[in-house]
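Working notes for the structure below.
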Amino acid sequence: MKTLGVIFSNIHDKEITELTSRRTLASIPFGGRYRLIDFVLSNMVNSGIGKVGVITKMNYQSLMDHVGNGKHWDLSRKNGGLMILPPYNNSDNALYKSRFDAIRGIRHFLERSDEEYVVMSDCDAVCNFNFADAVQQHIDKHADITVVVHKRKLDGEKLARSVVEYDVDKRVTKVSAQGKPSGEKYVLANILVITRRFLLSLIDNADDLGYSSFSRDVLARGCKEYRVFAYPYNGYFASIDSLASYYTCSMELLDRNKRIELFHKDGADIYTKVRDSAPARFAPTAKVRNSLIADGCDIEGEVSNSILFRGVKVAKGAVITDSIIFQDSEVGDGTRLHCVIADKQTRILAGRMLSGHETHPYFIAKNTVI
Amino acid sequence: MKKKKCVAMLLAGGEGKRLFALTGTAAKPAVSFGAKYRIIDFTLSNCTNSGIDTVGVLTQYQPLLLNEYIGNGEPWDLDRSYGGVHTLPPYQAKTGGEWYKGTANAIYQNIHFLEEYDSEHVLILSGDHIYKMDYSAMLAEHIENDADCTISVIDVSDEEAKRFGIMDFDGDKRITSFEEKPAQPKSNHASMGVYIFKKAVLVDALIADEKDPKSHKDFGKNIIPKLLGEGKRMFAYSFKGYWKDVGTVTSLWEANMDLLGERPALSLSDPNHKIYSRNEPLPPTFVGNTAEVENSILTTGCEVYGKVVNSVIGAGVVIEEGALVQNSVLMSGVHVGKNVRIDYGMLDEDVTVGAGAVIGDEKSDKEHIALVGRGNKIPAKAKIESGKIVD
């Protein structure tokens with residue numbers, strides 16, 4: 001069973017504008033040393049997928065810098081491996097606007113591949129998930145499409161992800177993004193398995209069928225017509241669709257059980273780009289509690305309930321609580337940070353006091369000096 | 001193919017007897033150091049940082065772990081289409097085959113490797129030293145002096161001088177005398193075991209030495225004194241900076257401790273001279289609510305719930321609640337149970353320590369490190385006295 005991987009790196013950029021102003025959603029830093037794409041890429045590799053196309057649209061320099069030739073995920077291969085698929089533009093088509101357009105843009109890549117199935121995933125999901133089971137179910141059910149869904153408690157707010165209903169045979173009966181549902185529902189994980197030939201026929205017949213949106217036309221309308229099945233995933237799953245959910249999901253990593261589920265499940269590792277930082281240094285004056293500390297950090301001050309990415313410097317007398325500090329940022333002497341998300345290479349000079357709230361973390365943009 | 005200007009030959013076959021349990025299943029250069037490194041990372045990184053892209057690593061004793069670790073050389077950027085890193089174990093040939101009998105014989109048996117790359121100069125290195133050095137500066141001086149051989153020197157104390165090759169040189173840095181491990185050292189200029197030779201001079205010397213039945217086939221004892229006696233152009237290159245021979249448990253422990261303090265004697269965070277290593281795919285280190293970490297370095301994947309003071313902690317180490325780890329070196333994968341006390345201890349990879357066990361003693365010192373070899377399981381409430389070795 002050969003499966004092809006396709007990753008959408010930009011789809012949800014607009015949901016977290018703070019973190020995506022200069023990068024794709026895929027390259028948002030997460031968990032002290034990772035980028036969001038690391039989870040889906042590692043999941044694909046750990047599931048035995050050896051060929052992965054990454055669809056990009058804009059702002060993809062940081063993404064290319066991060067994934068390089070794919071060697072950190074063992075995807076630097078003669079056959080297959082990692083392929084970046086930037087927009088393919090000619091005079092009469094503009095930059096793609098929807099997921100369906102994006103898929104049409106990689107028709108050639110899909111056509112030339114010989115894998116029978118395609119796993120398509122966005123980068124908004126943080127999980128350690130082996131796709132092999134979902135692909136197997138897809139084969140067993142003779143499905144055209146298998147959507148991965150996860151259980152979520154909804155609170156009647158407007159939804160960013162579609163709700164899925166399915167019958168006892170797991171056949172999907174309804175996909176809806178309408179209304180403001182509440183209670184425990186299954187929602188799309190933005191990961192799906194699709195038969196490659198079926199996908200190609202959708203692309204080729206899109207104009208005749210009047211298709212332009214994948215979720216509205218192919219899933220919501222198509223589930224009556226095609227064999228669309230659901231694969232419920234019950235493991236640890238964090239869906240990142242706003243700065244607040246980014247903050248909440250990050251802080252969940254301070255829970256030992258969640259770390260075990262995300263980083264050590266069944267021996268499946270999460271890979272990332274190696275930076276060769278020195279080990280983290282805890283000075284004689286350092287006081288660290290309930291925090292994740294990456295390599296290359298140099299801590300002389302106090303840190304609690306926080307996540308420090310690689311190469312963060314915390315001066316003597318600084319106090320950081322409930323915050324997330326990205327790579328190579330510096331926090332000055334006597335400075336206090338509470339519920340702050342500081343992007344890469346920020347410098348918060350001595351004696352500053354900055355505070356946000358759990359539901360509204362205070363965000364500091366990349367390279368800012370305060 | 002374009003000729004290489006200089007290739008490096010890294011002597012990594014030593015058994016490292018004075019590291020006892022640490023070298024039971026690993027060659028000395030493969031022993032862990034500084035939380036996330038192995039000793040050989042320093043010389044390999046020095047090569048890369050000095051623009052030397054062809055390195056032969058001479059292995060002999062317990063080479064499996066070392067071979068696997070070096071792999072294709074990718075972590076050190078030494079996976080090259082022409083050159084790169086090559087492990088060179090002893091081999092069989094039509095004329096027979098034998099173990100490496102000494103440092104010089106090891107290179108002699110690989111003269112074909114030197115001829116293949118046909119470089120003008122050859123850099124000879126030891127795989128058991130911790131230091132950051134730019135060999136290209138030494139090579140430049142070697143070429144400027146039109147030297148046949150240049151030896152890197154560092155000044156050591158009178159006491160230490162007896163353990164090294166000691167030399168004297170004139171105002172032009174030309175070496176006038178050389179003595180290996182002298183009882184009465186004439187100077188403090190010690191050889192670091194880092195030599196650059198003109199390849200032609202080296203090859204001739206090795207062939208001649210091989211024919212001498214009385215020779216120990218050793219650079220310090222035979223090759224260097226012989227060339228000096230022949231009046232070859234031998235120069236000293238003065239190295240200033242941190243350098244440590246980590247051949248003993250005490251010196252290895254000391255070198256680890258040199259990474260700690262307000263101003264560490266050895267800094268690993270110089271962006272212009274990174275030390276590369278094979279990184280493990282582990283999440284960042286977690287420091288829990290019940291943890292205290294002071295004056296220590298920790299690398300990725302640790303879970304700390306106990307107290308860590310003045311220590312060096314490797315990847316994926318777990319320290320449970322109530323445990324105290326002090327003045328110690330814990331290599332990767334060590335698991336420290338609840339209420340364990342470790343003081344002046346050195347625990348090799350994947351050791352597990354049962355709850356309530358006591359290893360070492362807070363009144364101990366660097367000469368009495370409690371040493372636990374790879375993969376040992378210390379039972380709950382066991383006591384390992386300071387200075388003891390658990391193989």
Side-chain angles (χ1 to χ4, degrees), chain A residues 30-34 38 42 46 71-74 76 253-256 258-260 262-264 267-300 303-313 316 328, chain B residues 33-37 41 45 48 72 74-77 79 256 259-264 266-271 273-305 308-316 318:
Chain A
F30 187 82
R33 66 179 301 216
Y34 303 95
D38 291 340
S42 302
N46 292 334
K71 72 176 177 185
H72 297 296
W73 298 266
D74 211 16
S76 167
L253 297 179
L254 300 179
D255 176 337
R256 191 180 194 176
K258 294 206 164 118
R259 277 198 305 282
I260 290 171
L262 184 57
F263 296 113
H264 305 287
D269 292 320
I270 304 297
Y271 301 96
T272 188
K273 182 184 177 185
V274 165
R275 223 174 79 115
D276 293 293
S277 312
R281 172 177 174 260
F282 294 70
T285 49
K287 253 184 151 171
V288 181
R289 290 283 157 88
N290 196 39
S291 296
L292 276 171
I293 310 292
D295 267 358
C297 285
D298 194 340
I299 306 171
E300 298 186 335
V303 181
S304 63
N305 309 324
S306 295
I307 297 174
L308 268 50
F309 281 69
R310 291 182 278 197
V312 170
K313 286 194 168 56
K316 214 178 276 182
D328 296 330
Chain B
F33 172 79
K36 66 177 286 189
Y37 308 97
D41 286 331
S45 300
T48 299
N72 68 348
E74 186 272 327
W76 306 271
D77 214 13
D79 51 333
N256 274 290
L259 299 166
L260 307 179
E262 285 284 355
R263 293 195 171 277
L266 172 60
S267 162
L268 300 175
S269 50
D270 177 0
H273 197 110
K274 275 191 180 181
I275 305 301
Y276 304 101
S277 66
R278 215 170 261 286
N279 282 248
E280 300 203 38
L282 291 171
T285 274
F286 180 73
V287 178
N289 261 325
T290 51
E292 278 178 69
V293 184
E294 261 173 52
N295 191 33
S296 295
I297 60 169
L298 288 84
T299 190
T300 48
C302 300
E303 296 270 331
V304 184
Y305 303 94
V308 180
V309 186
N310 304 337
S311 294
V312 173
I313 310 294
V318 178

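Every value quoted in this text rests on a predicted model; they were computed, and no experiment measured them.
Within 6.0 Å of the NZ atom in A/Lys287, the count of heavy atoms belonging to other residues, nucleotides or ligands does not exceed 12.
Of the listed residues (A/Ile307, A/Leu292, A/Asp269), the one with the most heavy-atom contacts under 4.5 Å to chain B is A/Leu292. The greatest number of non-hydrogen atom pairs below 4.5 Å with chain B, out of A/Ser277, A/Ala278, A/Ala280, is found for A/Ala280. Interface check for chain A: of the options B/Gly301, B/Pro75, B/Pro281, B/Gly314, the most heavy-atom pairs under 4.5 Å are formed by B/Pro281. Considering only heavy-atom pairs separated by less than 4.5 Å from chain A, the leading option among B/Gly34, B/Ser269, B/Cys302, B/Ala291 is B/Ala291. Of the residues considered (A/Gly31, A/Ser304, A/Cys297, A/Ser291), A/Ser291 shows the highest number of contacts with chain B, using heavy-atom pairs under 4.5 Å. Top candidate by heavy-atom pairs under 4.5 Å with chain A, chosen from B/Ser296, B/Ala35, B/Pro283, B/Gly288, is B/Pro283. Among B/Val309, B/Thr285, B/Leu268, the residue making the largest number of heavy-atom pairs under 4.5 Å with chain A is B/Thr285.
Within the 4.5 angstrom heavy-atom criterion, atoms from both the backbone and the side chain of B/Leu298 approach chain A. For A/Ile270, the part lying under 4.5 angstrom from a heavy atom of chain B is the backbone only. Using a 4.5 Å cut-off between heavy atoms, A/Leu308 makes no contact with chain B at all. For B/Asn289, the parts sitting under 4.5 Å from any heavy atom of chain A are the backbone and the side chain alike. Both the backbone and the side chain of A/Val288 have a heavy atom closer than 4.5 Å to some heavy atom of chain B. Of the two parts of A/Tyr34, only the side chain, counted from C-beta on, holds a non-hydrogen atom closer than 4.5 Å to a non-hydrogen atom of chain B. Contacts between B/Ile313 and chain A at a heavy-atom distance below 4.5 Å are absent for every atom of the residue. The contact between A/Ala294 and chain B is made by backbone and side chain atoms together, counting heavy-atom distances below 4.5 Å.
A/Lys313 meets the side-chain contact (heavy atoms from CB on, under 4.5 Å) test with A/Asp298, A/Glu330; sequence neighbours excluded. With sequence neighbours excluded, the residues forming a side-chain contact (heavy atoms from CB on, under 4.5 Å) with B/Glu303 are A/Arg256, A/Arg259, B/Phe286, B/Tyr305, B/Val318, listed by chain and number.
When all heavy atoms of A/Gly32 and B/Pro284 are compared, the pair lying nearest together is CA-CG, 3.8 Å. When all heavy atoms of A/Lys71 and B/Glu74 are compared, the closest pair comes out as NZ-OE2, 2.9 Å.
Rounding to the nearest 0.5 angstrom, the gap separating the CG atom in B/Leu282 from the OH atom in A/Tyr271 is 10.5 Å. Rounding to the nearest 0.5 angstrom, the gap separating the CZ atom in A/Arg289 from the CD atom in B/Glu292 is 5.5 Å. Note that the CZ atom of A/Phe282 and the CD1 atom of B/Ile297 stand 10.5 Å from one another [nearest 0.5 Å].
B/Thr299 and A/Asp295 share a donor-acceptor pair across their side chains, judged by distance under 3.5 Å alone.
The backbone N or O of A/Asp276 lies less than 3.5 Å from no partner atom in the side chain of B/Lys36, so there is not a single donor-acceptor pair. Between the side chain of A/Arg281 and the backbone N or O of B/Leu259, no donor-acceptor pair lies under 3.5 Å.
Looking at A/Pro279 and B/Tyr37, their side chains come closer than 4.5 Å, going by heavy atoms from C-beta outward.
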